[in-house]
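The next block holds one structure in the form of structure tokens; read it before the comments.
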Amino acid sequence: MSTKEEISEELLLDEETVKQNEIVLFNDEVNTFDHVINTLVAVCEHSPEQAEQCSLIVHYKGKCTVKTGEYEDLKPRCSKLLQAGLSAEIV
């Protein structure tokens, strides 16, 4: 095995060990589409189009992953979603 192949193999193994968490947003009967969209843009850094698509998925499917990343990045974002009155959790 060449040195280049060994390094590539090590990088692949490192990438697999990084645990990615998700913020899942749940449907509710309280919040308007506009509120959900504006909150996703502000908190999760979505584009307006992405936030609108997520809000529609949540409405019709009951839930949607709205942000993926490391737990330390997601925790304050999830807290802000909850403070805004949305139903969300980190999984």
Side-chain angles (χ1 to χ4, degrees):
M1 185 180 288
S2 73
T3 304
K4 186 176 181 180
E5 289 174 334
E6 287 179 28
I7 292 171
S8 295
E9 187 175 323
E10 288 176 20
L11 287 174
L12 288 174
L13 291 174
D14 288 342
E15 288 176 8
E16 290 175 10
T17 59
V18 174
K19 176 72 172 131
Q20 294 290 302
N21 295 96
E22 301 174 342
I23 297 177
V24 178
L25 182 66
F26 296 95
N27 191 31
D28 62 42
E29 302 299 323
V30 179
N31 293 295
T32 65
F33 279 99
D34 284 341
H35 177 65
V36 173
I37 291 167
N38 292 334
T39 304
L40 289 175
V41 168
V43 173
C44 296
E45 300 173 358
H46 285 196
S47 68
E49 294 81 9
Q50 182 182 13
E52 182 178 3
Q53 289 173 349
C54 286
S55 69
L56 289 170
I57 292 170
V58 168
H59 180 72
Y60 288 109
K61 301 282 186 175
K63 64 182 181 177
C64 177
T65 297
V66 294
K67 192 75 173 174
T68 303
E70 294 184 26
Y71 183 82
E72 294 304 317
D73 177 52
L74 298 182
K75 186 176 179 183
R77 294 177 192 269
C78 189
S79 294
K80 288 178 184 176
L81 293 174
L82 295 172
Q83 289 170 358
L86 304 182
S87 298
E89 71 178 11
I90 299 173
V91 294

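Computed from a predicted model, the values in this text were never measured in an experiment.
Contact between L74 and G69 at its shortest, heavy atoms only, is CD1-O, 3.6 Å. Looking at every heavy atom in both residues, V58 comes nearest to F26 through CG1-C, 3.6 Å. Smallest separation of non-hydrogen atoms from L25 and S87: CD1-O, 3.3 Å. Residues P48 and I37 come closest through the heavy atom pair O-CG2, 4.3 Å. Pairing each heavy atom of L81 with each of A88, the nearest pair is CD1-CB, 4.1 Å. Minimum heavy-atom separation, R77 to I23: CB-CD1, 3.8 Å.
Evaluated for a side chain to side chain donor-acceptor pair (under 3.5 Å) with N31, the options D28, N27, D34 yield exactly one hit, D28.
The structure places CD of E70 at 14.5 Å from NZ of K75, a figure rounded to the nearest 0.5 Å. Atoms CD and OG1, on Q83 and T39 in that order, are 11.5 Å from each other to the nearest 0.5 Å. Atom-to-atom distance recorded for C78:SG and E22:CD is 12.0 Å, nearest 0.5 angstrom. For the atom pair CG (D73) and OG1 (T68), the distance works out to 10.5 Å, reported to the nearest 0.5 Å. Taken to the nearest 0.5 Å, the CG atom of L82 stands 9.5 Å off from the CD atom of E89.
Taking the side chain as every heavy atom from C-beta outward, V66 and L40 approach each other to under 4.5 Å. With a 4.5 Å cut-off on side-chain heavy atoms, Q53 and H46 do not count as touching. By the 4.5 Å heavy-atom criterion applied to side chains, L86 and V43 are not counted as neighbours.
Although no hydrogens or angles enter the test, the distance criterion places a donor-acceptor pair under 3.5 Å between the side chain of K67 and the main chain of C44.
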field: Worked verdict on H59 versus F33 for side-chain contact (heavy atoms from CB on, under 4.5 Å)
entry: CA-CA 9 Å; H59 180 72; F33 279 99; 3.6 Å; yes
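By the criterion of side-chain heavy atoms lying less than 4.5 angstrom apart, applied directly or through intervening Ile, Leu, Val, Met, Phe, Trp or Tyr residues, V36 is grouped together with I90 in one hydrophobic cluster.
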